[in-house]
Colleague: 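A single structure is presented below for examination.
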Amino acid sequence: MTIADASKVNRELSSDEDDVPLSQTLKKRKIESTNTASLQGDDADGYDSDEAISTISKKKTKKIKTERLPSSSSPPSPQVKKRTTPKPKKIKKEDGDVKLKTTKKEDQEKKKRKKKEDEEDQKVKDEEDEYKWWEKENEDDTIKWVTLKHNGVIFPPPYQPLPSHIKLYYDGKPVDLPPQAEEVAGFFAALLESDHAKNPVFQKNFFNDFLQVLKENGGPLNDIEIKEFSSCDFTKMFDYFQLQKEQKKQLTSQEKKQIRLEREKFEEDYKFCELDGRKEQVGNFKVEPPDLFRGRGAHPKTGKLKRRVNPEDIVLNLSEDAPIPPAPEGHKWGEVRHDNTVQWLAMWRENIFNSFKYVRLAANSSLKGQSDFKKFEKARQLKSYIDAIRRDYTRNLKSKVMLERQKAVAIYLIDVFALRAGGEKSEDEADTVGCCSLRYEHVTLKPPNTVIFDFLGKDSIRFYQEVEVDKQVFKNLTIFKRPPKQPGHQLFDRLDPSILNKYLQNYMPGLTAKVFRTYNASKTMQDQLDLIPNKGSVAEKLLKYNAANRTVAILCNHQRTVTKGHAQTVEKANNRIQELEWQKIRCKRAILQLEKDLLKKEPKYFEEIDDLTKEDEATIHKRIIEREIEKYQRKFVRENDKRKFEKEELLPESQLKEWLEKVEEKKQEFEKELKTGEIELKSTWNSVEKIKAQVEKLEQRIQTSSIQLKDKEENSQVSLGTSKINYIDPRLSVVFCKKYDVPIEKIFTKTLREKFKWAIESADENWRF
DNA sequence: TGGGAAACTTAGAAGACATTCC
DNA sequence: GGAATGTCTTCTAAGTTTCCCA
């Protein structure tokens with residue numbers, strides 16, 4: 001929902017009667033139990049008959065069990081039978097290296113044709129055995145599969161110790177680390193120039209775990225005692241990693257291709273599984289390699305060592321009669337399960353939070369597709385309930401029961417500002433919040449009805465908005481913030497997501513807080529697309545589609561960090577546009593040089609010829625000249641490097657001088673032009689028509705560049721992808737493409753087209769969200 | 001029934017790959 | 001042809017919701 005929509009809702013919701021403060025209408029005051037009283041003095045405000053929930057008093061004390069996955073506690077595992085991995089069918093075959101007596105171009109053409117043919121063949125084959133679940137009846141979704149076969153997971157390669165001369169230095173002395181500790185030191189060294197390595201919490205957590213691993217493995221081999229992080233010097237390791245990266249980059253494209261093919265061949269068996277007899281793609285079939293945990297924002301555990309996962313840590317999930325993939329040699333699987341009520345193929349417990357990581361199907365799989373489809377259908381279902389929900393929360397904003405008021409305000413915020421539910425968080429996580437977990441300090445009230453939200457949401461992304469809200473919402477927020485509440489206290493002290501979701505389910509089965517985000521995102525997209533006129537070029541339509549997408553992304557607060565060179569890129573692009581403008585003006589002046597009378601005949605055409613000041617022009621000239629000089633200098637160096645390598649004769653300095661003289665001539669020309677206003681006409685500029693054609697071309701370029709720049713600037717901090725992938729019903733995009741004659745490839749990448757195949761094939765031109 | 005565990009979706013960063021520019 | 005830039009994919013962290021058991 002856009003802010004404009006929000007204000008519309010506000011209008012619909014605003015009430016005329018004034019509310020009596022709850023404190024006056026409610027006599028009874030419930031005192032919280034003693035152990036909750038300390039933080040929640042606010043429940044002593046005595047407004048109502050319902051109690052503050054205990055979540056606040058628990059004060060982030062989620063307990064985490066530290067025991068490892070006990071094989072004894074799991075259901076009796078069937079015998080882990082060792083069998084050879086079944087050979088899945090190969091999908092692709094590469095061309096051999098047969099060289100024919102053809103030109104390079106013909107060769108390439110031929111290859112292209114062959115590739116295309118192969119792809120077509122594959123497509124036909126794929127389509128033949130493709131399972132179009134969206135054309136079938138909806139089946140029971142508690143059973144996820146009947147048969148499931150897969151080949152297990154790929155483990156990261158074992159650690160390769162560094163060459164003996166690459167070491168960690170302590171107090172200037174090289175340290176002989178046992179490989180296990182060297183690996184951990186290497187994790188840090190690899191990040192040496194990143195922000196993580198500069199973060200003291202990251203350093204501390206890393207160092208503690210590093211010392212632990214060092215201790216576990218008998219300490220340094222050359223009796224150096226490592227005590228202080230500040231005395232460690234990782235630069236030699238870092239430089240080595242950089243060198244390796246550089247060498248990898250230097251490989252020829254043929255070598256790179258070879259490596260890629262080998263990798264793909266190796267991964268092939270793990271990339272696919274057999275689900276109910278169909279070949280389907282697995283998503284993350286690679287077990288996460290050991291590394292330092294990189295938490296987002298101010299994460300208390302950032303930098304801790306994420307330990308290596310062994311086959312013994314892995315639980316496999318597959319059919320009872322499916323062959324069990326062999327565990328790596330000398331190992332066995334932690335457990336083998338046959339649970340067809342879940343979607344995962346394998347899982348393990350990680351050591352940072354003691355939680356699970358899962359290996360699942362890919363986004364283009366039938367199971368994921370079905371979940372996605374259901375998600376959007378559920379959001380569409382909300383259309384039929386949204387009026388009632390809005391009517392009720394508007395009414396309940398004045399409820400005499402505090403819990404009801406809090407629910408009403410929370411749903412209002414979730415609906416209008418697309419806030420997330422906001423579950424409880426423990427102390428060993430970053431301090432981020434959503435709706436239910438908003439605290440006193442996250443909301444600033446500016447009478448009569450302006451609210452400033454300022455908090456860190458998911459991924460520690462800042463949510464900052466200064467907005468006008470419904471008057472009664474404002475009044476309620478004032479009440480929720482009344483003393484004795486103070487910074488640190490929960491705004492919604494009677495609420496948590498489960499209470500809210502339970503309430504929402506009275507309206508519609510399956511309705512939860514997150515459905516509102518999907519609903520409002522897709523609804524906004526539909527409304528925005530409806531506004532786009534069906535005219536103009538594909539590029540213009542795309543730009544408008546992206547603008548609609550951006551509205552949704554802004555609603556959902558999807559951000560991205562501005563890239564390093566962004567400011568410079570923008571400056572460059574602006575300069576480029578200015579230079580094009582200058583060229584255009586120059587052309588017009590040239591026209592007048594050929595035919596003076598045109599100024600009177602077509603005054604409008606020439607109205608911009610004095611737009612640039614002499615200073616502007618001089619700056620442009622300077623820029624062009626400097627660029628030219630740089631260009632030739634670079635060319636000279638590059639050319640000679642090449643010749644040196646090929647043991648050819650080097651270009652003499654005089655060559656560079658010759659090039660630079662040409663630039664000098666140009667400079668002189670510019671200076672003269674600036675002084676006299678006379679343009680030296682090029683031989684091709686021999687008629688007004690020719691120059692006018694040139695002007696037209698320039699105008700086109702200026703327009704394109706300006707649009708691109710505007711788009712780039714507006715997108716610099718907004719991430720469009722997240723809403724496109726998760727929130728906007730893909731059928732909206734499909735319909736847009738069909739109706740507006742825009743190729744779907746312009747909107748969905750290959751991966752997204754696979755993910756949204758169900759939408760591409762099922763939505764017709766008249767479909768609406 | 002509450003609360004922790006489990007299972008799933010959503011998210012931005014980083015790395016890989018493709019395209020454009022000079 | 002190679003560097004710069006942009007786009008796409010992969011990775012895994014960080015959420016939400018559901019499940020299940022004491």
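The sequence lines fix the lettering, A, B, ..., with proteins before strands; numbering per chain opens at 1.
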Colleague: Should the pair A:Phe756 and A:Phe748 be assigned to parallel (<30°), tilted (30 to 60°) or perpendicular (>60°) ring geometry?
Modeller: tilted
Colleague: All N/O contacts under 3.5 Å from nucleotides 3-6 of chain C to the protein, with atom names and distances to one decimal?
Modeller:
unit_1, atom_1, unit_2, atom_2, d
C:dT5, OP1, A:Lys572, NZ, 3.2
C:dG6, OP1, A:Lys712, NZ, 2.3

Colleague: Residues in salt bridge (charged side-chain N to carboxylate O under 4.0 Å, His left out) with A:Asp291, at least two apart?
Modeller: A:Arg294
Colleague: Does C:dT12 have its OP1 or OP2 closer than 4.0 Å to a side-chain nitrogen or oxygen of A:Tyr358?
Modeller: no
Colleague: Looking at A:Tyr358, does the NZ or CZ of A:Arg360 lie under 6.0 angstrom from its six-membered ring centre and within 45 degrees of the ring axis?
Modeller: yes
Colleague: What string of B, S and - do you get for nucleotides 14-22 of chain C, 5' to 3', if B is base contact, S is sugar-phosphate-only contact and - is no contact with any protein heavy atom under 4.0 Å?
Modeller: BSSSS----
Colleague: Taking OP1 and OP2 of B:dA7, is either one under 4.0 Å from a side-chain nitrogen or oxygen of A:Arg360?
Modeller: no
Colleague: Which part of the nucleic acid, if any, lies within reach of A:Lys144 when heavy atoms closer than 4.0 Å are counted: base, sugar-phosphate only, or nothing?
Modeller: sugar-phosphate
Colleague: Report which part of the nucleic acid A:Ile461 touches: base, sugar-phosphate, or nothing (heavy-atom distance under 4.0 Å, all strands).
Modeller: sugar-phosphate
Colleague: Using only side-chain N and O atoms of A:Ser371, determine if any of them is under 4.0 Å from OP1 or OP2 of B:dT9.
Modeller: yes
Colleague: What's A:Thr561 touching, base or sugar-phosphate or nothing? Going by heavy atoms closer than 4.0 Å.
Modeller: sugar-phosphate
Colleague: Ignoring backbone atoms, test whether A:Thr751 places a side-chain nitrogen or oxygen under 4.0 Å from the OP1 or OP2 oxygen of C:dT9.
Modeller: yes
